[in-house]
Amino acid sequence: MQVTRRTFLAGMGSAALTPLSLARTSGPVRFGVISDVHHGLAERTESRLTEFLTEASGRPLDFIMQLGDFCHPVPEASSFLRLWHGYRGSRHGVLGNHDMDLGSKRQILDLWQLRERFYSFDAGFLHFVVLDANHMKLDGKLVPYEKGNWYRSGITASWIDPEQIEWLRSDLAATRRPTVVFCHQELDETMPGGVPNKAEVRRFFEESGRVAACFVGHSHVDRDEVRNGIYYQRVNSSSYAWVGENYGRMAHYGRTLFAFVAIWPDGRLEVEGRRGFFEGDSPFARGVPEPDRFSASLASRLSQLKTN
């Protein structure tokens with residue numbers, strides 16, 4: 001949902017200010033976000049990450065977030081990870097399906113210096129939740145993604161497990177702050193697919209009255225929507241669009257994509273994206289069906305969140 005300046009300013013008149021938010025800070029919470037870098041698969045991933053971290057280091061950010069499909073637990077990823085851990089600020093990560101192609105969740109979490117696969121934290125006047133949708137259903141049971149089992153089995157569904165849903169319910173009940181959620185797989189309805197039990201997860205978002213926004217990666221597209229008062233954004237891959245085996249697999253981006261987000265206590269959301277271009281033949285030139293769903297950019301956006 002891209003908003004014109006006139007529409008955005010008109011919508012500001014109905015914004016509800018929460019006393020809690022204003023008591024904590026009068027300024028915004030700012031963070032940088034990058035998704036689907038795909039070290040070990042995509043091209044120039046170290047230079048792409050370096051570009052993001054260099055830009056982030058020159059900004060007054062509360063934290064940076066990578067939205068999954070970051071790297072594998074292999075020796076070849078060591079220099080890539082040194083870049084990530086060398087950032088002199090708060091860093092957070094989300095488990096993506098491809099992160100477990102060659103290892104386990106525990107291996108990846110240790111590599112990223114994260115204790116838990118799902119967790120929450122506070123920054124400024126906001127509460128943030130990180131979810132793990134990396135489970136598949138086999139014989140009626142949920143099985144964690146591990147060592148590529150999710151694609152070898154031919155099952156690509158990405159479930160959020162009952163333990164995590166119960167934790168989510170408790171976590172949202174325990175906070176009084178407006179909340180932003182991060183997940184790798186899709187929880188919105190802008191395209192088919194995503195988390196099979198996403199309607200259940202969204203119901204907890206809505207019933208809590210706390211969740212204002214949700215950012216995901218995974219699909220390598222640039223889309224957003226507002227559903228039942230909650231803003232959802234799919235953050236495009238930093239590296240490429242997946243166009244399928246019959247069309248060359250990957251359409252790489254000639255410019256690294258990432259975004260910087262500012263959320264103000266009055267609910268104003270500002271996403272500073274990047275315009276890019278396809279390196280080589282675009283999906284349209286390759287004859288990919290419905291090529292308009294792909295974009296080599298991550299659009300800048302203005303929106304209004306519910307923070308009361």
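When reading the values below, keep in mind they use all heavy atoms of this one structure, side chains included, and skip hydrogens, waters and symmetry mates.
- Under the ring-ring contact (aromatic ring centres under 6.0 Å, His included) criterion, F204 pairs with no residue, sequence neighbours left out.
- The side-chain contact (heavy atoms from CB on, under 4.5 Å) test with I64 is passed by exactly one of Y87, F258, F31, F260: Y87.
- Checking side-chain atoms of D222 against main-chain N and O of N236 turns up no donor-acceptor pair under 3.5 Å.
- Under a hydrophobic clustering in which Ile, Leu, Val, Met, Phe, Trp and Tyr are joined whenever their side-chain heavy atoms come within less than 4.5 Å, directly or via other members, F215 and Y232 fall into different clusters.
- Side chains of E290 and D292 form no contact here, defined as non-hydrogen atoms less than 4.5 Å apart.
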Please determine whether side chain to side chain donor-acceptor pair (under 3.5 Å) holds for the pair R91 and Q66, giving the CA-CA distance in whole Å, both sets of side-chain angles, and the decisive distance to 0.1 Å. CA-CA 8 Å; R91 306 180 311 275; Q66 60 87 2; over 6 Å; no
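- I230 is listed as a side-chain neighbour of E206, based on a closest heavy-atom distance under 4.5 Å.
- Distance alone, capped at 3.5 Å, places no donor-acceptor pair between the N134 side chain and the H98 backbone.
- Residues passing the ring-ring contact (aromatic ring centres under 6.0 Å, His included) test with W159: none are found, sequence neighbours excluded.
- Using a distance-only test at 3.5 Å, with no hydrogens or angles considered, a donor-acceptor pair links the side chain of H184 to the main chain of L67.
- At least one donor-acceptor pair closer than 3.5 Å links the side chain of S47 to the backbone N or O of R44.
- For R275, the CZ atom counts as loosely surrounded, since its 6.0 Å shell holds 12 or fewer non-hydrogen atoms of other residues, nucleotides or ligands.
- For the atom pair NE2 (H135) and CG (D161), the distance works out to 4.0 Å, reported to the nearest 0.5 Å.
- Between atom CD of residue Q107 and atom CG of residue L111 there is a gap of 8.5 Å, rounded to the nearest 0.5 Å.
- Remark: F118 engages W167 in a ring-ring contact (aromatic ring centres under 6.0 Å, His included) (not counting sequence neighbours).
- Separating the CG atom in D36 from the CG atom in D69 is a distance of 4.5 Å, to the nearest 0.5 Å.
- No donor-acceptor pair under 3.5 Å is formed between the side chain of S35 and the backbone N or O of S237.
- Distance alone, capped at 3.5 Å, places no donor-acceptor pair between the R117 side chain and the V94 backbone.
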Pair S238, Y253 - check side chain to side chain donor-acceptor pair (under 3.5 Å), show working. CA-CA 8 Å; S238 69; Y253 303 150; over 6 Å; no
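- Residues S239 and T256 have side chains not in contact (no heavy-atom distance under 4.5 Å, counting atoms from C-beta outward).
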Hey, mind stepping through K198 and E186 against salt bridge (Lys or Arg N to Asp or Glu O under 4.0 Å) and telling me if it holds? CA-CA 8 Å; K198 61 187 175 183; E186 307 91 341; over 6 Å; no
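- Ring centers of F80 and F70: under 6.0 Å apart, within the cut-off.
- In this structure, H92 has its ring center closer than 6.0 angstrom to the ring center of F121.
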Verdict with reasoning, T190 to R234, per side chain to side chain donor-acceptor pair (under 3.5 Å): CA-CA 9 Å; T190 62; R234 297 191 184 199; 3.1 Å; yes
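- Note: the hydrophobic cluster containing M65 also contains L305 (ILVMFWY, side chain heavy atoms under 4.5 Å, direct or indirect links).
- Rounding to the nearest 0.5 Å gives a distance of 3.5 Å between CE of M136 and CG of N149.
- With hydrophobic clusters built from ILVMFWY side chains whose heavy atoms lie under 4.5 angstrom apart, V235 shares a cluster with L53.
- Listed for the K105 side chain is no donor-acceptor partner under 3.5 Å among the backbone atoms of M100.
- Summarising the geometry, atom CZ belonging to R255 is positioned 11.0 Å from atom CG belonging to L298; distances are rounded to the nearest 0.5 Å.
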Go through R59 and E272 one step at a time and tell me if the salt bridge (Lys or Arg N to Asp or Glu O under 4.0 Å) criterion holds. CA-CA 12 Å; R59 294 171 177 254; E272 179 189 339; 2.8 Å; yes
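- Between R227 and E189 no salt bridge is recorded (no basic side-chain N to carboxylate O distance below 4.0 Å).
- Following chains of ILVMFWY side-chain contacts shorter than 4.5 Å, one cannot reach V181 starting from I263, and the two form parts of different hydrophobic clusters.
- With hydrogens and angles disregarded, no donor-acceptor distance shorter than 3.5 Å links the side chain of E51 to the backbone of R48.
- Under the 4.5 Å side-chain criterion, counting only non-hydrogen atoms from C-beta, F128 is in contact with V29.
- At least one side-chain heavy atom of E43 sits under 4.5 Å from a side-chain heavy atom of E279.
- Ring to ring, H38 and H220 are close: their centroids are under 6.0 angstrom apart.
- Of the charged side-chain nitrogens involved, none lies within less than 4.0 Å of a carboxylate oxygen, so that K147 and D101 do not count as a salt-bridged pair.
- W84 and L109 fall within a single hydrophobic cluster, where Ile, Leu, Val, Met, Phe, Trp and Tyr are joined by side-chain heavy atoms under 4.5 Å apart, directly or via other members.
- Remark: the backbone N or O of R301 is not paired with any side-chain donor or acceptor of S303 at under 3.5 angstrom.
- If you look at H72 and H39, their ring centroids are not closer than 6.0 Å.
- Applying the 6.0 Å contact sphere to CD of E116 captures no more than 12 heavy atoms from other residues, nucleotides or ligands.
- Residues F278 and Y240 keep their aromatic ring centres 6.0 Å or farther apart.
- Of the possible polar contacts, one joining the Q164 side chain to the D132 backbone as a donor-acceptor pair under 3.5 Å is found.
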